[in-house]
Amino acid sequence: MGKYNHKRIEQRWQSYWIEKNTYKPETNTEKKKFYVLEMFPYPSGQIHMGHLRNYTIGDVTSRFYKVKGYNVMHPMGWDSFGMPAENAAIENNVSPEAWTEKNIKNMKSQLMKIGLSIDWDREISTCSKNYYKHQQKLFLEFFKNDLVYKKDSFVNWDPVDKTVLANEQVIDGKGWRSGAIVEKKKLSQWFLRISRFSNELLSDLELLESWPDKVKLMQKNWIGISNGAEIKFKLVNSQKSINVFTTRPETLFGASFLALSVEHPISSKFKENKEFIEFRNQCLKMQEVRESSQQKIGYKTGLFVEHPFLMNIKLPVYFCNYVLINYGNGAIFGCPAHDERDYDFAKKYNLKINCIFEKKESDLPYCDMKEEDILTNSNFLNGKRVFEAQKIILEEIMNKKVGVSCSKFRLKDWGVSRQRYWGCPIPIIYREDGKVIALEENQLPVKLPKDPNLNLPGNPLENHKSWKRTKCPKTGLKAIRETDTLDTFFDSSWYFLRFCSPNLTDEPFNLGEVLYWMPVDHYIGGVEHAILHLLYSRFFVRALKLCGYDIPKEPFSKLITQGMVCHETFKTKDNKWIEPEKVFSKNNQFWIKSGDTKIELTRGRSEKMSKSKKNIVDPDRIISEYGADTARLFMISDSPPERDLEWSIDGIKATRKYLDKIYTLLSNNLEFTINYEKRKLSEQDKMVYTFTNKVIEEYSEDIKNYRFNTAVAKLRELSNLLIKTKIEKDMFDFCWSIFLRLIYIIIPHFAQDLATNSGLEGLVEDLDWPVSDKTHVENKKINIVVQINGKKKGVVDVKKDLKKETLMKTILGKESDYDIDETKVKKVIFIPNKIINFVI
RNA sequence: GCGAGCGUGCUGAAAUUGGUAAACAGACAGGACUUAAAAUCCUGCGGGUGGUAACACCCUUGUGGGUUCAAGUCCCACCGCUCGCACCA
């Protein structure tokens, strides 16, 4: 009898697939394409449970559609630029390149052992010059089309990593990687004009029918449209004016001051003013820390502006800390009666508080906007309801040319400059005559130097003795290279296009291939990329379209966001995390041995696996000990993909036990067959046959809808039934063959091996996907629930599609178990083949 | 503060358009086999009342109301948890 030897089996089939190029998609095919993509990994050196889960989900999908007859592309690559390589290089005295390559090699071999149906010939790595050469070309295209520009700006500066961070890399005022408090620093930076597409990126979310609502909502909030008006306030004794943005133009007559950000252009007038400079620095510091106190402070400029409709009213102008430069115009009009922040500010600086809603004087600040609210103290708006007033004033603003109605977005242009070595060089040079020159395509790639000194503070490319010195290729004038490199989110914003023609040397991608394969049909990855990566990618395809590449405008048709892999956590009394593996429990308390003594622990809640909490489990070890198929099956059986998965070694052991049992049962017992010759069946056989066909149907639906956990439950029901029911040999062979074909997409080595050993020639996946035999699935008998007043009283076994009257006769009849007095029945509710309810 | 989602056994979870709550697993307990253990197999496993018993009846999806013949599912209020954004004008 065969014993389940996962090592032998998995090696056998993995090398077979590679040898036969099983997962290379066809070319020039009439078949419908299917592009399955999981978010590519950063090559940290080791795969983690999150990867295992992500790639298992993707692989089940990919194999399912392949067996269903699609031409499937399922590629893999490496998001291989980025800071950890530099940090590791410093620590271990190796080059970032060598470190990265070693990691890729190791992780690739780990991924291979999972048995993924990947076309490895398409493998790409973003740090390879074969990749970033094309990326530099895309940058030049953006440059030509005014989609990239350079500007001085305050940036988020991470003092630990010594780099600039994008807004979304700042979490609670701290660097997303280092955790250091982020500072403001002024630098000249490259920006991508993502804001040019704000409107489109927002409204096209509606096209993404198969994206989770949650992700769409997050993007919507991130883009953050507000509709309102930009209103001009003329400075007294000057021709200049200040534009402010508001979403409540109807409150204009409640305005009592103007508040500006300390970074507002007008502030340049005060750059010699020591008092102001001090105030400004204080504000910037408060904004850095994102103080929760929300204390308001102001600086009186001494300037006044005219009210656009009441020329005789002059409003004082303040700088203040609560107006931000990066929203709207960095300037607002203060309407203290109807805005909490303005109210606090006005109270502090004794400014007028003009209530402009009837009967609201007693509950200021009144910030609601209700249909029934009526304006007062508002000139031509008096007596109008709030929404009507809004329309009127917008018209008046336009008529009087004191402003325009407009929308503002929260989304800012994307700063892509990074002062780091291990990233894609920006193909720009600064000539000695002061000109900024974009390189020509034939000068690409701009390669990174092999010998950076990473131990000095600051930018290694800047510090390099010769790299940045170059000559203008046209004029021969001396020039300095751009020493910033690109944010790695730039790398991952187009890799899905490169996969379509990964080995093309003279173009980033082949348009024909892209038109065939794009968009990605199913894109699978962590929800943590809901905003950053996914929004940038959506922007990229639009930007490329604008540059003349005629590609589909949404990159990912369907998005699956998988949950995290969690594990229990333990802590000592002095807050040290302890590995769960070392913990033992006794009398509902948890302990760890330390020499001869025991230390009591408290159990924390289950949290995402992380090094810092010491609750990680190495998937590679699990795979070698229990097998890839065991790991794969476990990863998808316990929770639906979008939810968090609770790691459990007991779960792994039980899964392995199950596979052992099936393997032992089937080896040397099964004759693999795909046909079943119909004959007269015994009751047992009929029941089993019917159930098997039902499972085919429901399992396929479940897989299609990413209900992998219930799909597995159905397979287990089927195997339980097949094990405990005595059936004929031909039925046994047929049903178990179906079982193997269904489970193949989850545990391919296991199913293939059993099938091959039982007589199948060729691959399981070359058989068509099983189709359920509907004629036999037709159940002739059915259970109907009998209820009295909606409460279940019992179940009756009757013929399918039985009429209401017939059923009632049986139930109310003398022989029936149900003691129902027919005369008292007020109403009978009957749902065919489901339920009959007597209301008494 | 704003927005979204979620609360079901000891645990992970299932439950078509409202129609048999707890499928499928895990943990645990008991039993068989064994000198013993492991492995394997079998049984039980939301709560309560009555009965020697097979069984019968009642309750049960965070809490309280409502709609309905019928509510885990729909509506209202409250409590709790998770996530995203956060001085966004």
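Since this is a predicted model, take the numbers as computed values, not measurements.
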What's the [atom1]-[atom2] distance between [X] and [N], to the nearest Å?
X: A:Leu217; N: B:rC6; atom1: CG; atom2: P; answer: 13 Å
X: A:Asn221; N: B:rC83; atom1: CG; atom2: P; answer: 17 Å
X: A:Asp342; N: B:rC87; atom1: CG; atom2: C1'; answer: 10 Å
X: A:Trp222; N: B:rA4; atom1: CH2; atom2: C1'; answer: 16 Å
X: A:Leu260; N: B:rA89; atom1: CG; atom2: P; answer: 17 Å
X: A:Asn789; N: B:rA71; atom1: CG; atom2: P; answer: 11 Å
X: A:Lys827; N: B:rA70; atom1: NZ; atom2: C1'; answer: 11 Å
X: A:Lys793; N: B:rC57; atom1: NZ; atom2: P; answer: 7 Å

Which pair of heavy atoms, one from [X] and one from [Y], lies closest together, and at what distance?
X: A:Asn705; Y: A:Glu701; value: ND2-O, 2.9 Å
X: A:Leu208; Y: A:Lys216; value: O-NZ, 2.8 Å
X: A:Asp702; Y: A:Ala711; value: OD2-N, 3.4 Å

Which one is paired to [N], where only Watson-Crick or G-U wobble pairs with both distances under 3.5 angstrom count?
N: B:rG50; value: B:rC55
N: B:rU40; value: B:rA32
N: B:rU20; value: none
N: B:rA4; value: B:rU82
N: B:rU67; value: none

Under 4.0 Å protein heavy-atom contact, by nucleotide of nucleotides 11-26 of chain B - B base, S sugar-phosphate only
-SSS--B-BB--BSSS
Treating primed atoms plus P, OP1 and OP2 as sugar-phosphate and everything else as base, which nucleotides of nucleotides 39-48 of chain B get B, S or - for protein heavy atoms under 4.0 Å?
-SS-------
Between A:Lys714 and A:Glu717, is there a salt bridge with N-O shorter than 4.0 Å?
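Here A:Glu717 does not pair with A:Lys714 in a salt bridge, since their nearest N and O are not under 4.0 Å apart.
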Please assess A:Lys348 against A:Asp344 for the test salt bridge (Lys or Arg N to Asp or Glu O under 4.0 Å), listing each intermediate value before the final yes or no.
CA-CA 6 Å; A:Lys348 184 161 178 184; A:Asp344 292 346; over 6 Å; no
Answer with base, sugar-phosphate or nothing: what part of the nucleic acid does A:Val527 contact at a heavy-atom distance below 4.0 Å?
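Here A:Val527 touches no strand at all.
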Given the [atom1] atoms of [N] and [M], what is the spacing between them in whole Å?
N: B:rG31; M: B:rC83; atom1: C1'; result: 47 Å
N: B:rC74; M: B:rU17; atom1: P; result: 11 Å
N: B:rC69; M: B:rC10; atom1: P; result: 34 Å
N: B:rU82; M: B:rU49; atom1: C1'; result: 40 Å
N: B:rA38; M: B:rA56; atom1: C1'; result: 43 Å
N: B:rU73; M: B:rG7; atom1: C1'; result: 14 Å
N: B:rA70; M: B:rC59; atom1: P; result: 14 Å
N: B:rA21; M: B:rC58; atom1: P; result: 12 Å

Looking at the side chain of A:Ile531, which of B:rC83, B:rC87, B:rG84 is the nearest nucleotide?
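Output: B:rG84.
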Taking the six-membered ring for Trp, is the centroid-to-centroid distance between A:His307 and A:Phe253 below 6.0 Å?
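That pair passes the under 6.0 Å test.
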Please report whether the ring centroid of A:Tyr706 lies less than 6.0 Å from that of A:Phe708.
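Yes; A:Tyr706 has its ring centre under 6.0 Å from that of A:Phe708.
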How far apart are the C-alpha atoms of A:Tyr327 and A:Ser226, what are their side-chain angles, what is the distance that settles it, and do they pass the side chain to side chain donor-acceptor pair (under 3.5 Å) test?
CA-CA 11 Å; A:Tyr327 194 78; A:Ser226 352; 2.3 Å; yes
Using O4'-C1'-N9-C4 for purines and O4'-C1'-N1-C2 for pyrimidines, with syn meaning within 90° of 0, is B:rG9 syn or anti?
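Classified syn.
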Has A:Glu581 got more than 12 heavy atoms of other residues, nucleotides or ligands less than 6.0 Å from its CD?
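Above 12, so yes.
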A:Lys216 side-chain N/O to B:rG5 phosphate OP1/OP2 under 4.0 Å
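No.
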Verify the contact: side-chain N or O of A:Lys791 to OP1 or OP2 of B:rC59, cut-off strictly under 4.0 Å; return yes or no.
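True: A:Lys791 side-chain N/O within range (under 4.0 Å) of B:rC59 OP1/OP2.
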Look at the rings of A:Tyr366 and A:His338 and say which category their plane angle falls in: under 30° parallel, 30 to 60° tilted, over 60° perpendicular.
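Answer is perpendicular, since the angle exceeds 60°.
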If the plane angle is over 60° it's perpendicular, under 30° parallel, otherwise tilted; pick one for A:Phe345 and A:Tyr349.
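A:Phe345 vs A:Tyr349 ring planes: tilted.
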